[in-house]
Protein chains: 2
Amino acid sequence: MASIKDVAAEAGVSVATVSRVLNDHPSVSAGTRTRVLAAVEALGYRPNAVARSLRTDQTHTLGLVISDVLNPYFTELARSVEEEARALGYSVIIGNANERPDLQDHHVRNLLDRRIDGLLVSPTDGGSPLMLDAARAGTPMVFVDRWIPGVDLPVVRSDGRVAIHDLVAHLYGLGHRRLAIIAGPAATTTGRERVEVFRQAMGEFGLPLPDAYIGQGDFQAESGRRATERFLNLAEPPEVVFATDNLMALGALDAVRARGLRVPDDIALAAFDDIPWFVHTDPPITTIAQPTGELGRAAVRALVDLIEGRPPQSVTLPARLVVRRSCGEAASCPQAPRSTT
Amino acid sequence: MASIKDVAAEAGVSVATVSRVLNDHPSVSAGTRTRVLAAVEALGYRPNAVARSLRTDQTHTLGLVISDVLNPYFTELARSVEEEARALGYSVIIGNANERPDLQDHHVRNLLDRRIDGLLVSPTDGGSPLMLDAARAGTPMVFVDRWIPGVDLPVVRSDGRVAIHDLVAHLYGLGHRRLAIIAGPAATTTGRERVEVFRQAMGEFGLPLPDAYIGQGDFQAESGRRATERFLNLAEPPEVVFATDNLMALGALDAVRARGLRVPDDIALAAFDDIPWFVHTDPPITTIAQPTGELGRAAVRALVDLIEGRPPQSVTLPARLVVRRSCGEAASCPQAPRSTT
DNA sequence: ATGTTCTGTGGAATCGTTTACATGGCCGAT
DNA sequence: ATCGGCCATGTAAACGATTCCACAGAACAT
């Protein structure tokens, strides 16, 4: 593969001059510029990004460590991250942690070794020493979706507080009183927070949230299935199951179907995260939608600000309730939930 | 960040020696080895992958240029690729082409500039000059899922021939005669091939495939919707629509639902690619499943063989028909009650 | 004692860039 | 005419690793 030296020889100039036209440095005459460009063309020369990175100490690459690529929420996030990064002149390397802290560490280490310019992370746990060290060492980092309390980094996420409240109101309005929830890992902020807010919202309607109605999941389909089976085995099963992510909702649907039961007649189902398929499931699923694309873009902007020395902005965007049919039909649509406005 | 020089100084040896212990070269005494390792530990030293790559001309990185990350088929492919690559000591950089040839070129160029060791590609078109040049220049490359005829590279893909034949037989057995297909882009092998095989299989049952029953799609949901609308507007609409990928099937479902029609009573639907959601749609969708994970793994093995100088293997694995309820019930299973809500 | 082989280590070149500094020619101001 | 400054270009030193080669000393054979 042709190097800058070959181009220099071909154009009859020094490598410094070639480098200058390539980085369009002002002080190079029009004549040599065209001569160099011709040589570049003739040899099909492309600068070696590895060498360039070594010299400049910049890779123009962002790392994105994601909790689970098979989760449509995260793939949409990844897509918007890549798009915004590309628009700003950066590439993205994605590391899929599969909800496993050890894999997450593997990817963080790998990305750090590659000297990425900055890291976008949605932690699967409370933060490994490795990640905390990286943050402390000054690696530009931004949390997206999930974050680690006590670590002083910009956070880009959505706030489900109002939407969850709306959901509980919706369920209450439909006559449901026994509400169960499938939680995510307690080590994640989203795992904890969604349960907390749900419990609090229920409290405002005078409803208790007994421990038996809290299923422990891990944001993967299989755990949603197991938790739902356990609910269905209860002497007094819940009337509604709220799965705190889309994959656990899928698992819950599996479990209900395996029993020969029907949604929402036998048991109602609601989820967190909206995805295109939820419109087409049987029945369409009531869910809380996050502004996923906007989240990804905001996260990239914050990270690039950090990298390029501008003050980064933490961003919190509201999630909103999307009512479909999986929790039952309103009697006559007496009071529309406020989120539909 | 600490470099190899710092480690050398700390351990009181030369950089050459440090490098040797790091790459566990045999000729280094036990004493110095432990001394160096201690220094590494003390400084939290990590080798700079960029510098290493420049020197060794290897990045231990594979590029994967994928047609569409939002397509669950490709995300599953990407996941298996990453897993197998990791097992073999490689990282993967994913480039999402979004079914756009220009973006595909952007990513290929970017990956080449980064001097990846090899490229896995599922081309969105007939092959840009860039890609053909790269192949001709000897860049290790393997086609996965789709390929470009006339380019002499290993191909890892699945063969839907038998499965499509089975599908037509299934439809015929159910009494359907007017079958329509939503094709993928003619520039892709999978786009062309699925139509060809479908037409041929229909021929064997004495059925014609009129042009009006061939919708032109682009493997994205929206095109599936439009093609289906056109079918439904026909004086004599088809009895079955076969969408040649999962996203166009989603679009078709949208179109049918928008008309207030029902699957399979008013019109039947079949798809290519199986994904978890197809079990939960209303109704569950009859589809042709590819061994996606195995495809990804085989592709990585072929590519790594190529990179490391072993003879690579092209692989073709059979797809298989998965019958669900979206094409109607078999007569032998007389009207199992449809769960209508 | 001398020569040979081996072992562990260091010196220095190298990979392909960027960039600080030096240089030489030309121009305008004095 | 002389000088200072600018413009276009070249020289060479980095960046952080790997690796060829040289070399000192030990071990061994004669």
Side-chain angles (χ1 to χ4, degrees), chain A residues 1-40 43-61 89 109-117 137, chain B residues 1-40 43-61 89 109-117 137:
Chain A
M1 197 153 246
S3 86
I4 197 171
K5 267 187 213 150
D6 304 314
V7 177
E10 172 87 6
V13 296
S14 73
V15 293
T17 302
V18 176
S19 175
R20 276 189 275 258
V21 339
L22 259 31
N23 301 286
D24 38 41
H25 188 90
S27 83
V28 44
S29 73
T32 41
R33 156 163 287 119
T34 55
R35 208 141 32 88
V36 167
L37 258 18
V40 165
L43 297 171
Y45 168 76
R46 295 250 78 213
N48 182 329
V50 175
R52 192 200 294 259
S53 292
L54 176 60
R55 181 57 233 252
T56 60
D57 204 29
Q58 293 184 37
T59 50
H60 274 277
T61 302
R109 191 168 357 246
N110 184 18
L111 292 166
L112 256 24
D113 286 355
R114 298 182 118 77
R115 302 302 195 265
I116 44 127
D117 292 343
Chain B
M1 198 156 245
S3 86
I4 198 172
K5 266 185 215 153
D6 305 315
V7 177
E10 172 86 9
V13 297
S14 74
V15 293
T17 302
V18 175
S19 175
R20 276 189 276 260
V21 339
L22 258 32
N23 298 285
D24 38 41
H25 187 89
S27 84
V28 43
S29 72
T32 42
R33 157 163 285 118
T34 55
R35 208 141 33 88
V36 167
L37 259 17
V40 165
L43 297 171
Y45 168 76
R46 295 248 77 212
N48 182 328
V50 174
R52 195 202 295 260
S53 292
L54 176 60
R55 182 56 232 253
T56 61
D57 204 30
Q58 294 184 35
T59 49
H60 274 276
T61 302
R109 195 176 344 256
N110 183 19
L111 291 166
L112 255 24
D113 285 356
R114 299 182 117 77
R115 301 302 194 265
I116 44 127
D117 292 342

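Numbered from 1 within each chain, the chains take letters A, B, ... in sequence-line order.
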Enquirer: Measure distances between side-chain N and O atoms of Arg115(A) and base N and O atoms of dG16(D), and say whether any donor-acceptor pair falls under 3.5 Å.
Expert: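 No such pair is found, so the answer is no.
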
Enquirer: Let me spell it out: for each of Ala30(B) and Ala51(B), pick the nucleotide of DNA chain C with the closest heavy atom. Which residue's pick is nearer the 5' end?
Expert: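 On the 5' side of the pair lies Ala30(B).
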
Enquirer: Would you say Asn23(A) has more than 12 foreign heavy atoms packed within less than 6.0 Å of its CG?
Expert: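 Counting other residues, nucleotides and ligands, CG of Asn23(A) exceeds 12 neighbours.
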
Enquirer: Mind calculating the distance between CE (Met1(B)) and P (dA17(D)) to the nearest angstrom?
Expert: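 Spelled out: CE on Met1(B) to P on dA17(D) is 11 Å.
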
Enquirer: In whole angstroms, how far is the C1' atom of dT17(C) from the CZ atom of Arg46(A)?
Expert: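 It is 15 Å, rounded to the nearest whole Å.
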
Enquirer: If you compare every side-chain N and O of Ser29(B) against the phosphate oxygens of dT9(C) (OP1, OP2), does one of them come in below 4.0 Å?
Expert: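 Checking Ser29(B) against dT9(C): at least one side-chain N or O falls below 4.0 Å of OP1 or OP2.
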
Enquirer: From the set dT18(D), dG16(C), dG10(D), return the single nucleotide nearest to any side-chain atom of Val13(A).
Expert: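 Looking only at heavy atoms from C-beta outward on Val13(A), the closest nucleotide is dG10(D).
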
Enquirer: Can you find a pair of side-chain heavy atoms, one from Leu22(A) and one from Val40(A), that are under 4.5 Å apart?
Expert: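 Answer yes - side chains close enough.
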
Enquirer: Take His25(A) and Leu22(B), find for each the nucleotide of DNA chain D with the closest heavy atom, and name the residue whose nucleotide sits nearer the 5' end.
Expert: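 Nearest nucleotide further toward 5': that of His25(A).
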
Enquirer: Heavy atoms only: give me the nearest Met1(B)-Asp6(B) pair and the separation to one decimal.
Expert: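 Residues Met1(B) and Asp6(B), closest heavy atoms: O-OD2, 4.4 Å.
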
Enquirer: With a 4.0 Å cut-off on heavy atoms, is Asn23(A) in touch with a base, just the backbone sugar-phosphate, or nothing at all?
Expert: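 Sugar-phosphate only.
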
Enquirer: Taking the nucleotide of DNA chain D with the nearest heavy atom to each, does Val15(B) or Pro26(A) sit closer to the 5' end?
Expert: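 Nearest-nucleotide comparison on DNA chain D picks Pro26(A).
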
Enquirer: Between C1' on dA14(D) and CG on Asp57(A), what's the gap in Å once rounded to a whole number?
Expert: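 It works out to 12 Å between those atoms.
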
Enquirer: Would you kindly give the NZ-to-C1' distance between Lys5(A) and dG10(D), to the nearest whole Å?
Expert: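 Distance check: Lys5(A) NZ to dG10(D) C1' gives 15 Å.
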
Enquirer: Remember a base hit wins even if backbone is also touched, and classify Ser19(A) as base, sugar-phosphate or nothing at under 4.0 Å, heavy atoms.
Expert: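 Answer is base: heavy atoms of Ser19(A) come under 4.0 Å of a base.
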
Enquirer: Measure from the side chain of Ser3(B), starting at C-beta and using heavy atoms only, and say which of dA17(D), dC15(D), dT9(D) lies closest.
Expert: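 Given the options dA17(D), dC15(D), dT9(D), the side chain of Ser3(B) is closest to dA17(D).
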
Enquirer: Could you tell me how far apart Arg20(B) (CZ) and dT7(C) (P) are, to the nearest whole angstrom?
Expert: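 The answer, rounded to whole Å, is 14 Å.
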
Enquirer: To the nearest angstrom, how far is Leu54(B) atom CG from dT14(C) atom C1'?
Expert: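 It is 9 Å, rounded to the nearest whole Å.
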
Enquirer: Under 4.5 Å between any side-chain heavy atoms of Asp113(A) and Asn48(B), yes or no?
Expert: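 No, side chains not in contact.
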
Enquirer: Across the strands shown, which category fits Val50(A) at heavy-atom distances under 4.0 angstrom: base, sugar-phosphate, nothing?
Expert: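 Nothing: the residue Val50(A), judged by heavy atoms under 4.0 Å, touches no strand.
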
Enquirer: Is it the case that the side chain of Arg20(B) and the backbone of His25(B) share a donor-acceptor pair, with hydrogens and angles ignored and the cut-off at 3.5 Å?
Expert: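 Between the backbone of His25(B) and the side chain of Arg20(B) there is no qualifying donor-acceptor contact (under 3.5 Å).
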
Enquirer: Is the phosphate of dT9(D) approached by Thr32(A) (side-chain N or O, under 4.0 Å from OP1 or OP2)?
Expert: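 For dT9(D), OP1/OP2 do have a side-chain N/O of Thr32(A) under 4.0 Å.
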
Enquirer: Base, sugar-phosphate, or nothing: which does Ser27(A) touch, judged by heavy atoms less than 4.0 Å apart?
Expert: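 Base, at least one base heavy atom under 4.0 Å.
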
Enquirer: Considering heavy-atom distances to DNA chain C, does Gly12(B) or Ile4(A) have its closest nucleotide positioned more toward the 5' end?
Expert: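 Going by which nucleotide is closer to the 5' end, it is Gly12(B).
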
Enquirer: Hey, is the main chain of Val13(B) close enough, under 3.5 Å, to the side chain of Thr17(B) for a donor-acceptor pair?
Expert: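 Here the side-chain-to-backbone pair does not exist.
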
Enquirer: Would you say the base of dT18(D) and the side-chain of Arg55(B) have a donor-acceptor pair closer than 3.5 Å?
Expert: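 Checked by distance alone, the answer is yes.
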
Enquirer: Starting from P on dC15(D), measure out to CZ on Arg52(B) and report it in whole angstrom.
Expert: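 One finds 19 Å between P of dC15(D) and CZ of Arg52(B), rounded.
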
Enquirer: According to a strict under-4.0 Å criterion, is Thr56(B) in side-chain N/O contact with OP1 or OP2 of dT18(D)?
Expert: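 No, because none of the side-chain N or O atoms of Thr56(B) sits under 4.0 Å from OP1 or OP2 of dT18(D).
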
Enquirer: Would you mind reading off the distance between Asp24(A) atom CG and dT19(C) atom C1', rounded to a whole angstrom?
Expert: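 Whole-Å distance recorded here is 16 Å.
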
Enquirer: For the side chain of Ala16(B), starting at C-beta, report the closest nucleotide among dT17(C), dG10(C), dT9(C).
Expert: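 Closest nucleotide among those given: dG10(C).
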
